[in-house]
There are 2 protein chains.
Amino acid sequence: MSERDPERSMSQTVRAQLALRDMILSGRLRPGERISELQAVEITGVSRTPVRLALVRLEDEGLLQAIPSGGFMVKAFTERDILDSIELRGTLEGLAARFAAERGASARSLEPLKECLADLDQLVRQDPVSVEAFSAYVTMNARFHALLTELSASPPLIRQIDRVSALPFASPSGFVMAQSALPEAHQILLIGQDHHRIVVDAIENREGARAEAVMREHSRLAARNLRLVLRNRTHLDLLPALALLKSSAE
Amino acid sequence: MSERDPERSMSQTVRAQLALRDMILSGRLRPGERISELQAVEITGVSRTPVRLALVRLEDEGLLQAIPSGGFMVKAFTERDILDSIELRGTLEGLAARFAAERGASARSLEPLKECLADLDQLVRQDPVSVEAFSAYVTMNARFHALLTELSASPPLIRQIDRVSALPFASPSGFVMAQSALPEAHQILLIGQDHHRIVVDAIENREGARAEAVMREHSRLAARNLRLVLRNRTHLDLLPALALLKSSAE
DNA sequence: TTGTCCATTTATGTATACATATTGCACCCA
DNA sequence: TGGGTGCAATATGTATACATAAATGGACAA
């Protein structure tokens, strides 16, 4: 009875949204496939009204695409689309870092970020990095990026970054897990952590341009990971989000 | 009968969305004010289902804010929010210009942009600029920015720029009309047009960094206009979108 | 007079019935 | 056999009734 509590506590709309998102990201609904409301009702077990709301929300989340004549289909992404989304996130996070630097983030507000940095250092220091450490890194890395975004103190920018990061393959931690299976893993992790260190330093010293440039470059590590994984094609299973890739002949 | 055609041709959802958006931007619904579904039903004349859809759409358009306990309220913006939104748009348009330059926009695809540039030149050349010319400039300017965005050939970026520009005060032409009443009007117009010229030149010569920098600076003209208008406070009527400004003691 | 609790009212969340538009298939005609 | 037309099936769009949760106001007690 207690195990049903979390499910009971949320609205039907949210439940439908989660169920459908899961179906899409896991690849059970293929890119380009039309997803009718009735079908969605069967999948989620809720009625058409909340299902429709969930579909609209998934559309502006970027996972679905509206069909001109009505209804929705699962969006398909090219490799280029994904790379552009990563560059886009990098650009926005760069702007956030610049804002943080220019507006003089207080020493107190920088404290959580520094703590997060130290925690990441702990995890990265291991060699080889255990799978658990990788998993912990993913969580902590997401926290670092979230804290950095907040430091911009700009609601419109924060909102926009959140929207871009909603696409799983564009999120800061989207490709970290893939690294755990790549030979270049540890080195890339170390480089990424160095970026983290530099951006905090730049913000502290009010070096806006430097902070911005570093965050932009930082996002390109994710692009590098993506390319490595796609060329190897051995560890695609670690990246369920790639189910949305167009003509994925997996 | 024929005059009702355009109204009849669109869905109730779209109609409700337009009606509510108009109410918000015209200031008849004040920032922070809760807007209940029943109230929206009375305003729009359609039933709750499409009204609700419209409210959700206006939320991710950025005009409404969800209330945690349910329902929506009209979003309030600070002057800083607006300035940040403009900087955000400039950053994204800068990225678009860089993409266009780096990816080698073809001479053929640059053609419409150059035509648009020439048209703008025509309009700017007048001194003083007539009100009709200003109005034409607004239209043509919007077209220029749209074409430039398209040149990036990046669907994710285009999507994001469209979302930012949906906020009326963040759109490329949001503050042009205000210029028509400012003494600095003509000069700012000329500078803006020079930016246009430079960015086309930079794209043509594959100078990505230059194209990006110019578009960023270009957006700051809008920021300048905003500050001028707010300091003068004489021509606020030209900018209905400012109804969303927090504590606007107009 | 003020604070708290309960009742009432009004809001949103959900389901479903009905209206209308779109799509696809079959059949007929050229 | 190819193409077009029309009907049937199925999709989305809309309205509304019902369920449930939140907000409000009044009454009573401290």
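Bear in mind that the values here come from a model prediction, so they are computed numbers and not experimental data. Here is the naming used below: chain letters follow the sequence lines, and residue numbers restart at 1 for every chain.
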Let's test your reading of the model: under 3.5 Å, does the base of dT14(C) pair with the side chain of Ser11(A) as donor and acceptor? no
Do Arg28(B) and Ser26(B) meet the criterion of a side-chain donor-acceptor pair at a distance under 3.5 Å? yes
What integer distance in Å separates Arg52(A):CZ from dT16(C):C1'? 14 Å
Using whole Å, what does the distance between atom P of nucleotide dA15(C) and atom CD of Glu37(A) come to? 14 Å
Write out a two-atom table: protein N or O, nucleotide N or O from nucleotides 17-25 of chain C, distance below 3.5 Å.
unit_1	atom_1	unit_2	atom_2	d
dT23(C)	OP1	Ser69(A)	OG	3.2

Where each residue is assigned the nucleotide of DNA chain C containing its nearest heavy atom, which of Gly45(A) and Gly71(B) is assigned the position nearer the 5′ end? Gly71(B)
Spell out, as yes or no, whether a donor-acceptor pair under 3.5 Å connects the side chain of Arg57(A) to the backbone of Val56(B). no
Decide yes or no for Arg15(B) and Thr44(B): does some side-chain heavy atom of the first lie under 4.5 Å from some side-chain heavy atom of the second? no
Rounded distance in Å - CZ (Arg15(B)) to C1' (dA15(D)): 14 Å
With a 4.0 Å cut-off, would you call Asp81(B) and Lys75(B) a salt bridge? no
In this structure, how many angstroms lie between the C1' atom of dA11(D) and the CD atom of Gln39(A), rounded? 12 Å
Atom CD of Gln12(A) to atom C1' of dT20(D): distance rounded to whole Å? 12 Å
Starting at atom CG of Leu55(A), determine the distance to atom P of dG13(D), rounded to an integer number of angstrom. 10 Å
If you find the nucleotide of DNA chain C closest to Leu38(B) and the one closest to Val14(A), which residue's nucleotide is nearer the 5' end? Leu38(B)
Note: Ser173(A) and Ala142(A) closest approach over all heavy atoms is OG-N, 3.6 Å
Basic-acidic side-chain contact under 4.0 Å: Lys246(A), Glu79(A): no
If you compare every side-chain N and O of Thr13(B) against the phosphate oxygens of dT14(D) (OP1, OP2), does one of them come in below 4.0 Å? yes
Among residues at least two apart in sequence or on other chains, which ones pass side-chain hydrogen bond (donor to acceptor under 3.5 Å, both in side chains) with Gln39(A)? none
In whole angstroms, how far is the C1' atom of dT12(C) from the CZ atom of Phe72(B)? 10 Å
Look at the side chain of Ser47(B) and decide which nucleotide, out of dT12(D), dT14(D), dT12(C), has an atom nearest to it. dT14(D)
Figure out the CG/P separation between Leu53(A) and dG13(D), and round it to whole Å. 13 Å
Report yes if a donor N or O on one partner sits less than 3.5 Å from an acceptor N or O on the other, where the partners are the side chain of Thr49(B) and the base of dT16(D); otherwise report no. yes
